[in-house]
Asker: 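There's a structure below that I have some questions on.
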Amino acid sequence: MEISVTLSQNLKQKPQDESALGFGRIFTDHMFMMDYEAGAGWHNARIVPYQPFAMDPASMVLHYGQAIFEGCKCYRREDGGLQLFRAEDNFARMTRSARRMCMPALDEETAMEGLKQLIRIDADWVPRKEGTSLYIRPTMVSMDVGLGVHASSKYCFFIILSPVGAYYKEGLKPVSIYVEDEYVRAVRGGVGFTKCAGNYAASILAGDIAEKKGFSQVLWLDGVEQKYIEEVGSMNMMFAYGNKIVTPVLNGSILPGITRDSVLKLARQLGYEAEEARLNVEEIFADAKAGKLTEAFGTGTAAVISPVGVLALKDEKVTLGDGGIGPVAQKLYDTLTGIQYGRLEDKNGWITKL
Ligand code: COI
(Lines give C-alpha, C1' and ligand atoms only; values in the text may rest on other atoms or scores of the structure.)
Protein backbone atom coordinates (compact mmCIF):
# COMPACT_ATOMS: atom_id res chain seq x y z
CA MET A 1 0.00 0.00 0.00
CA GLU A 2 1.26 3.46 -0.79
CA ILE A 3 2.05 5.64 2.21
CA SER A 4 1.47 9.39 1.88
CA VAL A 5 3.73 11.76 3.79
CA THR A 6 2.86 15.21 5.17
CA LEU A 7 5.80 16.76 6.97
CA SER A 8 5.42 18.99 10.01
CA GLN A 9 6.06 22.69 9.42
CA ASN A 10 6.47 23.21 13.13
CA LEU A 11 9.27 20.97 14.42
CA LYS A 12 9.51 20.57 18.18
CA GLN A 13 12.60 21.14 20.26
CA LYS A 14 14.40 17.88 21.01
CA PRO A 15 15.32 17.04 24.58
CA GLN A 16 18.68 18.56 25.52
CA ASP A 17 19.49 16.29 28.45
CA GLU A 18 19.21 12.64 27.42
CA SER A 19 19.88 11.49 30.98
CA ALA A 20 16.50 12.93 32.02
CA LEU A 21 14.28 11.32 29.36
CA GLY A 22 12.39 8.97 31.69
CA PHE A 23 9.80 6.83 29.94
CA GLY A 24 7.06 7.86 27.49
CA ARG A 25 6.88 11.55 28.30
CA ILE A 26 8.10 13.12 25.04
CA PHE A 27 6.87 12.36 21.51
CA THR A 28 8.49 12.96 18.13
CA ASP A 29 7.35 15.23 15.28
CA HIS A 30 5.43 12.68 13.21
CA MET A 31 3.13 9.68 13.53
CA PHE A 32 1.94 6.89 11.22
CA MET A 33 -1.77 6.18 10.76
CA MET A 34 -4.02 3.94 8.69
CA ASP A 35 -7.75 3.25 8.74
CA TYR A 36 -9.81 0.09 8.45
CA GLU A 37 -13.36 -0.30 7.31
CA ALA A 38 -15.24 -3.59 6.86
CA GLY A 39 -15.40 -4.27 3.12
CA ALA A 40 -12.56 -1.86 2.27
CA GLY A 41 -9.87 -3.33 4.56
CA TRP A 42 -6.87 -1.26 5.66
CA HIS A 43 -6.40 1.93 3.65
CA ASN A 44 -5.25 5.55 3.78
CA ALA A 45 -1.78 4.78 5.16
CA ARG A 46 -0.13 8.07 5.99
CA ILE A 47 2.63 9.78 7.92
CA VAL A 48 1.42 13.07 9.36
CA PRO A 49 2.59 15.59 11.96
CA TYR A 50 2.09 14.28 15.53
CA GLN A 51 -1.31 15.66 16.51
CA PRO A 52 -4.34 15.14 18.79
CA PHE A 53 -7.33 13.13 17.48
CA ALA A 54 -10.81 14.54 17.13
CA MET A 55 -13.11 11.73 18.28
CA ASP A 56 -16.85 11.43 18.61
CA PRO A 57 -17.68 10.94 22.32
CA ALA A 58 -19.68 7.86 21.29
CA SER A 59 -16.63 6.20 19.61
CA MET A 60 -16.75 2.56 20.67
CA VAL A 61 -13.22 2.37 22.05
CA LEU A 62 -14.13 4.96 24.69
CA HIS A 63 -16.98 2.79 26.00
CA TYR A 64 -16.16 -0.84 25.39
CA GLY A 65 -12.39 -0.74 25.24
CA GLN A 66 -11.47 -2.49 21.99
CA ALA A 67 -7.90 -1.20 22.19
CA ILE A 68 -4.68 -3.15 21.70
CA PHE A 69 -1.10 -1.97 21.60
CA GLU A 70 2.51 -3.06 21.26
CA GLY A 71 5.88 -1.83 22.44
CA CYS A 72 9.17 -2.21 20.59
CA LYS A 73 12.33 -0.16 20.24
CA CYS A 74 14.74 1.37 17.74
CA TYR A 75 18.38 1.60 18.83
CA ARG A 76 21.27 3.81 17.73
CA ARG A 77 24.50 1.91 17.09
CA GLU A 78 27.91 3.32 17.98
CA ASP A 79 28.45 4.13 14.26
CA GLY A 80 25.29 6.29 14.38
CA GLY A 81 23.16 3.84 12.33
CA LEU A 82 19.69 2.81 13.50
CA GLN A 83 18.21 -0.63 14.01
CA LEU A 84 14.93 -2.23 15.03
CA PHE A 85 14.71 -5.29 17.28
CA ARG A 86 12.08 -7.94 16.35
CA ALA A 87 9.46 -5.36 15.29
CA GLU A 88 7.85 -7.92 12.91
CA ASP A 89 7.19 -10.12 15.96
CA ASN A 90 5.37 -7.23 17.63
CA PHE A 91 3.12 -6.76 14.60
CA ALA A 92 2.44 -10.51 14.46
CA ARG A 93 1.51 -10.45 18.16
CA MET A 94 -0.82 -7.50 17.50
CA THR A 95 -2.67 -9.63 14.94
CA ARG A 96 -3.03 -12.39 17.59
CA SER A 97 -4.35 -9.84 20.11
CA ALA A 98 -6.72 -8.50 17.42
CA ARG A 99 -8.22 -11.94 16.79
CA ARG A 100 -9.12 -12.39 20.46
CA MET A 101 -10.53 -8.87 20.71
CA CYS A 102 -12.65 -9.34 17.54
CA MET A 103 -10.61 -6.70 15.72
CA PRO A 104 -9.18 -6.99 12.18
CA ALA A 105 -5.79 -8.59 11.53
CA LEU A 106 -3.18 -5.89 11.08
CA ASP A 107 -1.74 -5.24 7.62
CA GLU A 108 1.66 -6.17 9.05
CA GLU A 109 3.60 -5.41 5.87
CA THR A 110 2.28 -1.84 5.62
CA ALA A 111 2.75 -1.34 9.37
CA MET A 112 6.40 -2.40 9.07
CA GLU A 113 6.99 -0.22 6.00
CA GLY A 114 5.23 2.72 7.71
CA LEU A 115 7.36 2.26 10.83
CA LYS A 116 10.60 2.26 8.83
CA GLN A 117 9.61 5.41 6.91
CA LEU A 118 8.42 7.13 10.09
CA ILE A 119 11.70 6.45 11.89
CA ARG A 120 13.73 7.61 8.90
CA ILE A 121 11.81 10.91 9.01
CA ASP A 122 12.20 11.31 12.79
CA ALA A 123 15.69 9.73 12.87
CA ASP A 124 17.24 12.61 14.74
CA TRP A 125 14.95 11.84 17.69
CA VAL A 126 16.65 8.48 18.34
CA PRO A 127 18.73 9.30 21.42
CA ARG A 128 22.47 8.74 21.61
CA LYS A 129 23.23 8.29 25.29
CA GLU A 130 24.07 4.81 26.61
CA GLY A 131 20.91 2.97 27.71
CA THR A 132 18.49 5.19 25.78
CA SER A 133 16.39 4.23 22.75
CA LEU A 134 13.35 5.23 20.71
CA TYR A 135 10.27 3.49 22.13
CA ILE A 136 7.69 2.59 19.49
CA ARG A 137 4.02 2.36 20.43
CA PRO A 138 1.79 0.80 17.72
CA THR A 139 -1.90 0.95 18.75
CA MET A 140 -5.23 -0.16 17.24
CA VAL A 141 -8.61 1.15 18.45
CA SER A 142 -12.25 0.73 17.39
CA MET A 143 -13.84 3.80 15.82
CA ASP A 144 -17.53 3.01 15.19
CA VAL A 145 -19.86 5.59 16.71
CA GLY A 146 -22.68 4.06 18.76
CA LEU A 147 -23.45 2.34 22.02
CA GLY A 148 -24.53 -1.13 20.93
CA VAL A 149 -22.08 -3.75 22.21
CA HIS A 150 -20.75 -5.50 19.10
CA ALA A 151 -17.62 -5.55 16.95
CA SER A 152 -16.86 -2.22 15.35
CA SER A 153 -16.73 -1.94 11.56
CA LYS A 154 -14.12 0.84 11.65
CA TYR A 155 -10.68 0.87 13.27
CA CYS A 156 -7.70 3.16 13.38
CA PHE A 157 -4.09 1.96 13.66
CA PHE A 158 -1.35 4.38 14.59
CA ILE A 159 2.30 4.40 15.62
CA ILE A 160 3.81 7.06 17.88
CA LEU A 161 7.47 7.33 18.92
CA SER A 162 9.04 8.41 22.19
CA PRO A 163 12.74 8.80 23.06
CA VAL A 164 13.21 6.97 26.38
CA GLY A 165 15.65 6.11 29.12
CA ALA A 166 15.08 3.49 31.82
CA TYR A 167 11.48 2.43 32.59
CA TYR A 168 12.10 2.13 36.34
CA LYS A 169 13.66 5.04 38.19
CA GLU A 170 15.96 2.42 39.79
CA GLY A 171 17.59 1.80 36.36
CA LEU A 172 19.63 -1.41 36.72
CA LYS A 173 19.34 -1.38 40.49
CA PRO A 174 17.02 -4.09 41.86
CA VAL A 175 13.32 -3.22 42.24
CA SER A 176 10.97 -4.32 45.02
CA ILE A 177 7.91 -6.29 43.98
CA TYR A 178 4.71 -6.98 45.92
CA VAL A 179 3.01 -10.32 45.28
CA GLU A 180 -0.67 -9.50 44.81
CA ASP A 181 -2.89 -11.90 46.76
CA GLU A 182 -6.26 -10.16 46.51
CA TYR A 183 -6.80 -8.92 42.96
CA VAL A 184 -6.07 -10.99 39.85
CA ARG A 185 -4.92 -9.88 36.40
CA ALA A 186 -6.33 -12.57 34.12
CA VAL A 187 -8.03 -15.96 34.03
CA ARG A 188 -7.87 -18.87 31.61
CA GLY A 189 -10.08 -18.23 28.59
CA GLY A 190 -9.80 -14.46 29.11
CA VAL A 191 -7.56 -11.92 27.43
CA GLY A 192 -4.40 -12.22 29.57
CA PHE A 193 -2.25 -13.27 26.60
CA THR A 194 -3.25 -10.21 24.57
CA LYS A 195 -1.78 -6.75 24.82
CA CYS A 196 -5.17 -5.13 25.30
CA ALA A 197 -5.52 -1.83 27.14
CA GLY A 198 -8.02 -3.35 29.61
CA ASN A 199 -5.36 -5.66 31.09
CA TYR A 200 -3.41 -2.57 32.10
CA ALA A 201 -6.50 -0.67 33.30
CA ALA A 202 -7.36 -3.61 35.56
CA SER A 203 -3.86 -3.59 37.07
CA ILE A 204 -3.72 0.05 38.08
CA LEU A 205 -5.49 -0.21 41.48
CA ALA A 206 -3.20 -2.99 42.75
CA GLY A 207 -0.17 -1.15 41.35
CA ASP A 208 -1.22 2.03 43.10
CA ILE A 209 -1.67 0.28 46.46
CA ALA A 210 1.71 -1.45 46.08
CA GLU A 211 3.40 1.83 45.17
CA LYS A 212 1.99 3.47 48.31
CA LYS A 213 3.55 0.62 50.30
CA GLY A 214 6.92 1.41 48.67
CA PHE A 215 7.01 -1.26 45.94
CA SER A 216 7.72 -0.62 42.25
CA GLN A 217 5.30 -3.17 40.81
CA VAL A 218 2.89 -6.00 41.49
CA LEU A 219 3.60 -9.66 40.75
CA TRP A 220 0.37 -11.34 39.67
CA LEU A 221 -0.63 -14.85 40.68
CA ASP A 222 -2.94 -17.14 38.68
CA GLY A 223 -6.59 -16.11 38.77
CA VAL A 224 -7.98 -19.46 40.00
CA GLU A 225 -5.88 -20.74 42.90
CA GLN A 226 -3.74 -17.63 43.44
CA LYS A 227 -0.80 -19.96 43.93
CA TYR A 228 1.19 -19.85 40.72
CA ILE A 229 3.33 -16.98 39.51
CA GLU A 230 2.13 -15.28 36.31
CA GLU A 231 3.81 -11.96 35.41
CA VAL A 232 4.43 -8.40 36.48
CA GLY A 233 2.16 -6.26 34.25
CA SER A 234 5.10 -4.52 32.59
CA MET A 235 7.40 -7.55 32.42
CA ASN A 236 7.63 -11.36 32.48
CA MET A 237 9.45 -12.91 35.46
CA MET A 238 12.48 -15.19 35.54
CA PHE A 239 14.17 -16.88 38.49
CA ALA A 240 17.74 -18.21 38.60
CA TYR A 241 18.95 -21.17 40.62
CA GLY A 242 22.66 -20.84 39.92
CA ASN A 243 22.94 -21.54 36.19
CA LYS A 244 19.35 -22.73 35.80
CA ILE A 245 16.67 -20.23 34.82
CA VAL A 246 12.97 -20.88 35.26
CA THR A 247 10.02 -18.80 34.07
CA PRO A 248 6.24 -19.30 34.19
CA VAL A 249 5.00 -21.37 31.25
CA LEU A 250 2.70 -19.58 28.76
CA ASN A 251 -0.75 -20.72 29.81
CA GLY A 252 -3.05 -18.31 28.00
CA SER A 253 -3.22 -15.75 30.78
CA ILE A 254 0.39 -14.51 30.56
CA LEU A 255 1.71 -12.13 27.90
CA PRO A 256 4.03 -14.02 25.51
CA GLY A 257 6.80 -11.46 25.88
CA ILE A 258 9.16 -10.96 22.95
CA THR A 259 11.96 -10.07 25.38
CA ARG A 260 11.01 -13.19 27.39
CA ASP A 261 11.39 -15.31 24.25
CA SER A 262 14.68 -13.60 23.32
CA VAL A 263 16.13 -14.09 26.82
CA LEU A 264 15.15 -17.78 26.89
CA LYS A 265 16.85 -18.34 23.50
CA LEU A 266 19.96 -16.36 24.48
CA ALA A 267 20.19 -18.12 27.85
CA ARG A 268 20.25 -21.52 26.12
CA GLN A 269 22.78 -20.26 23.55
CA LEU A 270 24.98 -19.04 26.43
CA GLY A 271 24.89 -22.48 28.06
CA TYR A 272 22.35 -21.84 30.83
CA GLU A 273 19.58 -24.34 31.43
CA ALA A 274 16.25 -22.57 30.80
CA GLU A 275 12.91 -24.09 31.71
CA GLU A 276 9.26 -23.00 31.46
CA ALA A 277 7.14 -24.38 34.29
CA ARG A 278 4.27 -23.72 36.70
CA LEU A 279 5.94 -21.88 39.56
CA ASN A 280 4.35 -22.12 42.99
CA VAL A 281 4.88 -18.83 44.84
CA GLU A 282 5.32 -20.55 48.21
CA GLU A 283 8.09 -22.75 46.80
CA ILE A 284 9.78 -19.69 45.30
CA PHE A 285 9.71 -17.97 48.71
CA ALA A 286 10.98 -21.13 50.48
CA ASP A 287 13.80 -21.49 47.92
CA ALA A 288 14.72 -17.81 48.33
CA LYS A 289 14.86 -18.19 52.12
CA ALA A 290 16.93 -21.37 51.83
CA GLY A 291 19.40 -19.56 49.56
CA LYS A 292 18.67 -21.91 46.62
CA LEU A 293 17.05 -19.18 44.53
CA THR A 294 19.93 -16.93 43.62
CA GLU A 295 18.34 -14.25 41.41
CA ALA A 296 14.99 -12.93 40.20
CA PHE A 297 14.56 -10.55 37.29
CA GLY A 298 11.92 -9.26 34.94
CA THR A 299 12.11 -9.05 31.14
CA GLY A 300 10.24 -6.65 28.88
CA THR A 301 10.72 -4.17 26.05
CA ALA A 302 10.39 -1.17 28.34
CA ALA A 303 11.95 -2.85 31.39
CA VAL A 304 14.72 -4.64 29.35
CA ILE A 305 16.11 -6.88 32.16
CA SER A 306 15.28 -5.56 35.62
CA PRO A 307 16.70 -7.29 38.67
CA VAL A 308 14.30 -7.87 41.58
CA GLY A 309 15.87 -7.33 45.01
CA VAL A 310 12.85 -7.79 47.26
CA LEU A 311 9.75 -9.96 46.93
CA ALA A 312 6.95 -9.42 49.45
CA LEU A 313 3.86 -11.55 50.05
CA LYS A 314 1.47 -10.49 52.82
CA ASP A 315 3.77 -9.79 55.79
CA GLU A 316 6.60 -11.88 54.48
CA LYS A 317 9.58 -10.35 52.66
CA VAL A 318 12.53 -12.06 51.02
CA THR A 319 15.68 -10.32 49.83
CA LEU A 320 17.52 -11.59 46.79
CA GLY A 321 21.13 -10.84 45.99
CA ASP A 322 23.31 -8.18 47.57
CA GLY A 323 21.59 -5.01 46.38
CA GLY A 324 23.05 -5.12 42.85
CA ILE A 325 22.28 -6.99 39.63
CA GLY A 326 23.18 -10.72 39.82
CA PRO A 327 25.64 -12.40 37.44
CA VAL A 328 23.01 -14.25 35.37
CA ALA A 329 20.85 -11.14 34.84
CA GLN A 330 23.98 -9.11 34.06
CA LYS A 331 25.23 -11.60 31.45
CA LEU A 332 21.81 -11.74 29.79
CA TYR A 333 21.47 -7.94 29.93
CA ASP A 334 24.90 -7.46 28.34
CA THR A 335 24.16 -10.02 25.61
CA LEU A 336 20.65 -8.76 24.80
CA THR A 337 21.57 -5.07 24.78
CA GLY A 338 24.83 -5.90 22.96
CA ILE A 339 22.71 -7.30 20.08
CA GLN A 340 20.14 -4.50 20.28
CA TYR A 341 22.78 -1.75 20.10
CA GLY A 342 24.82 -3.57 17.43
CA ARG A 343 27.85 -4.30 19.65
CA LEU A 344 27.35 -8.07 19.33
CA GLU A 345 26.58 -10.21 16.29
CA ASP A 346 22.87 -10.95 15.76
CA LYS A 347 22.91 -14.72 15.19
CA ASN A 348 19.13 -15.04 15.45
CA GLY A 349 18.01 -12.69 12.67
CA TRP A 350 16.32 -10.28 15.11
CA ILE A 351 17.75 -7.00 13.79
CA THR A 352 16.43 -4.83 10.94
CA LYS A 353 18.91 -2.13 9.97
CA LEU A 354 17.34 1.12 8.81
C1 COI B 1 6.51 -2.72 26.98
O2 COI B 1 7.43 -3.25 27.60
O3 COI B 1 6.66 -2.33 25.83
C4 COI B 1 5.20 -2.56 27.58
O5 COI B 1 4.25 -2.45 26.84
C6 COI B 1 5.07 -2.50 29.04
C7 COI B 1 4.48 -1.27 29.62
C8 COI B 1 5.23 -0.02 29.43
C9 COI B 1 3.02 -1.15 29.45
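No hydrogens, no waters, no symmetry mates; every other heavy atom, side chains included, goes into these values. All ligand and atom numbering here is 1-based and tracks the order in the structure.
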Asker: For residues 325-339, tabulate all N or O donor-acceptor pairs below 3.5 Å that involve a side-chain atom, not counting sequence neighbours.
Answerer:
{"unit_1": "Q330", "atom_1": "NE2", "unit_2": "D334", "atom_2": "OD1", "d": "3.0"}
{"unit_1": "T335", "atom_1": "OG1", "unit_2": "K331", "atom_2": "O", "d": "2.7"}
{"unit_1": "T337", "atom_1": "OG1", "unit_2": "Y333", "atom_2": "O", "d": "2.6"}

Asker: Quick test of your reading of the model: are E231 and R260 salt-bridged, counting only N-O distances below 4.0 Å?
Answerer: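 R260 and E231: not salt-bridged.
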Asker: Show me the short polar-atom pairs for ligand 1: any N or O of it lying under 3.5 Å from a protein N or O, with distances only.
Answerer:
{"unit_1": "ligand 1", "atom_1": "2 (O)", "unit_2": "T301", "atom_2": "N", "d": "3.4"}
{"unit_1": "ligand 1", "atom_1": "2 (O)", "unit_2": "A302", "atom_2": "N", "d": "2.8"}
{"unit_1": "ligand 1", "atom_1": "3 (O)", "unit_2": "Y135", "atom_2": "OH", "d": "2.5"}
{"unit_1": "ligand 1", "atom_1": "5 (O)", "unit_2": "Y135", "atom_2": "OH", "d": "3.3"}
{"unit_1": "ligand 1", "atom_1": "5 (O)", "unit_2": "K195", "atom_2": "NZ", "d": "2.8"}

Asker: Do E108 and T95 get their side chains close enough for a donor-acceptor pair, meaning under 3.5 Å?
Answerer: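 Side chains of E108 and T95: pair found under 3.5 Å.
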Asker: Just one of E230, E276, R188 clears the side-chain hydrogen bond (donor to acceptor under 3.5 Å, both in side chains) bar with N251, so which one?
Answerer: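 It is E230; the other options fail the test.
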Asker: May I ask you to decide if the ring planes of Y50 and F27 are parallel, tilted or perpendicular, using 30° and 60° as cut-offs?
Answerer: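 The rings of Y50 and F27 lie parallel, inter-plane angle below 30°.
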Asker: Would you call R278 and D222 a salt bridge, using N to O less than 4.0 angstrom?
Answerer: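 No salt bridge links R278 with D222.
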